[in-house]
Amino acid sequence: MPMKIVSWNVNSLNVRQSQVLDYLESHHPAVLGLQELKQTDEAVKREAFIQAGWHLVTQGQKTYNGVALISKSAPENVVRGIPNNEDDPQARAIAASYGDLRVLNLYVPNGKAVGDEKYHYKLGWLEKLQAYVARLLQEYPKLVVIGDFNIAPADIDVHDPKAWQDKILCSAPERQALQALFDLGLTDAFRARHPERQQFSWWDYRMGGLRRNLGLRIDLTLISPALQLIDADIDMAPREQERPSDHAPAWVEIQ
DNA sequence: ATGGCCCTAGATTAGGGA
């Protein structure tokens, strides 16, 4: 039975909640991972999701970050944050099981600029993530890692590779950290399905970024070898509607 | 022309995002 797993950075769940509910109604994914809730767990308005028949678990935070998993079946063994990184106050990771499928949903740090203090935080966070994913793969052969990775995997994923060369989201250390996840056995589902296609998942609000297709592909769905890839793509429609997030949902269908 | 837009907190602007 194929299952659709979706990742969507909503840039404020408060503003985008009705869009999320519309998306669930029209696409009925098995699991939808959200990033940048910008809400505490207490502030999340859960009733509408529950009334529509969805389960919702969150790792919220005031003003910044925040991640959620929304699902049709009840999540089991929910883990918030990255184990062994529990002093980190930033809400950037949540994992849960749905049957024998494990889903890890991430909001990878942005990093601000190469060399910045936040850049070093990003690289350190990615190292801890790699160790965590390695352990997860041993425990859960059927693993999907989704999220806003804030890394464009390759130049084809960048509208202007020369302008972005060695810049934040495209630097070699960031791409190497992503490659380390691939080396564990994870596959970038969109790129596996569409080896030559340039398709972005984020466009700057400024400069008519969407109209001119000045974007990046930084929202990824990674799958483990025990899963069969059916299809993967990026949904443009939510990015094109009124008052959108600056990210579009990235999805993978597996069985 | 190195900013443009959007979000939050909570102020009459600043910080963060990518």
Side-chain angles (χ1 to χ4, degrees), chain A residues 7-20 33-45 58-68 88-93 105-126 129 146-178 188 190 198-220 234 236 238-250:
Chain A
S7 173
W8 191 10
N9 180 324
V10 292
N11 185 19
S12 165
L13 181 56
N14 185 46
V15 172
R16 239 65 70 183
Q17 179 147 352
S18 64
Q19 296 182 31
V20 173
L34 303 179
Q35 306 90 34
E36 284 211 86
L37 307 186
K38 300 186 173 182
Q39 286 185 310
T40 60
D41 292 334
E42 295 72 26
V44 172
K45 299 193 285 282
T58 60
Q59 188 196 33
Q61 182 183 333
K62 190 179 177 71
T63 311
Y64 304 115
N65 310 318
V67 286
D88 190 337
Q90 300 192 25
R92 297 184 175 277
N105 176 38
L106 305 173
Y107 177 47
V108 175
N110 171 289
K112 190 177 173 92
V114 172
D116 192 276
E117 182 182 339
K118 291 178 179 177
Y119 179 73
H120 297 297
Y121 167 75
K122 179 181 194 175
L123 294 179
W125 192 93
L126 287 165
L129 172 67
I146 62 172
D148 175 357
F149 281 73
N150 269 319
I151 301 169
D155 281 353
I156 191 177
D157 302 307
V158 181
H159 68 88
D160 187 346
K162 280 189 178 172
W164 284 81
Q165 184 164 18
D166 298 324
K167 299 292 197 303
I168 194 67
L169 317 190
C170 298
S171 73
E174 291 168 90
R175 286 179 169 172
Q176 284 159 12
L178 186 57
D188 176 353
F190 176 90
Q198 185 170 63
Q199 168 65 59
F200 306 130
S201 67
W202 170 87
W203 299 259
D204 201 311
Y205 285 123
R206 299 168 291 186
M207 301 171 63
L210 178 65
R211 176 176 51 79
R212 298 159 64 198
N213 198 29
L214 306 180
L216 306 171
R217 189 173 70 92
I218 53 178
D219 299 274
L220 310 178
I234 291 161
M236 290 296 294
R239 184 63 180 84
E240 292 166 335
Q241 62 193 336
E242 287 294 306
R243 206 177 181 190
S245 167
D246 46 355
H247 294 252

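In what follows, chains carry the letters A, B, and so on, assigned in the order in which the sequence lines appear, proteins first and then strands, with residues in each chain numbered from 1.
For A/W203 and A/H247, the side-chain atoms include no donor-acceptor pair closer than 3.5 Å. If you check the side chains of A/Q61 and A/Q90, you find no donor sitting under 3.5 Å from an acceptor. No side-chain donor from either of A/N110 and A/Y121 sits under 3.5 Å from a side-chain acceptor of the other.
Between the base of B/dA18 and the side chain of A/N110 there is a donor-acceptor pair shorter than 3.5 Å.
Only the P atoms considered, B/dG15 is 14 Å distant from B/dG4, to the nearest whole Å. Nucleotides B/dT2 and B/dT12 place their P atoms 27 Å apart, quoted to the nearest Å. A distance of about 23 Å separates the C1' atoms of B/dT13 and B/dA1, rounded to the whole Å. Atom name C1', nucleotides B/dG16 and B/dG10: the rounded distance is 16 Å, in whole Å.
The phosphate of B/dG16 (OP1 or OP2) has no side-chain N or O of A/N65 nearer than 4.0 angstrom. The phosphate of B/dG17 has OP1 or OP2 within less than 4.0 Å of a side-chain N or O from A/K118. Residue A/N150 places at least one side-chain N or O closer than 4.0 Å to OP1 or OP2 of B/dA18. Contact check, A/Y107 against B/dA18: a side-chain N or O comes under 4.0 Å of OP1 or OP2. In this model, the phosphate group of B/dA18 is approached by a side-chain N or O of A/H247 to a distance below 4.0 Å at OP1 or OP2. Side-chain nitrogen and oxygen atoms of A/R16 include none within less than 4.0 Å of the OP1 or OP2 phosphate oxygen of B/dC6. At B/dC7, none of the side-chain N or O atoms of A/T63 fall inside 4.0 Å of OP1 or OP2 (strictly under the cut-off).
Screening A/D148, A/D219, A/N9, A/D246 for a side chain to side chain donor-acceptor pair (under 3.5 Å) with A/W202, the sole residue that qualifies is A/D246.
Contact annotation for A/I168: no contact, since no heavy-atom pair falls under 4.0 Å across all strands. Residue contacts for A/D219: at a heavy-atom cut-off of 4.0 Å it reaches no nucleic acid atom on any strand shown. Within the nucleic acid shown, A/F149 has no heavy atom closer than 4.0 Å to any nucleic acid atom.
With DNA chain B read from its 5' end, the first of the two nearest nucleotides for A/R206 and A/N9 is the one closest to A/R206. Nearest-nucleotide positions on DNA chain B for A/Y205 and A/V108 put A/Y205 closer to the 5' end.
Nearest to the side chain of A/M207, among B/dG17, B/dA18, B/dG4, sits B/dG4.
Between the CH2 atom of A/W203 and the P atom of B/dG4 there is a distance of 23 Å, rounded to whole Å.
Nearest heavy-atom pair, A/K122 versus A/I168, reported as atom, atom and distance to 0.1 Å: NZ-CD1, 4.4 Å.
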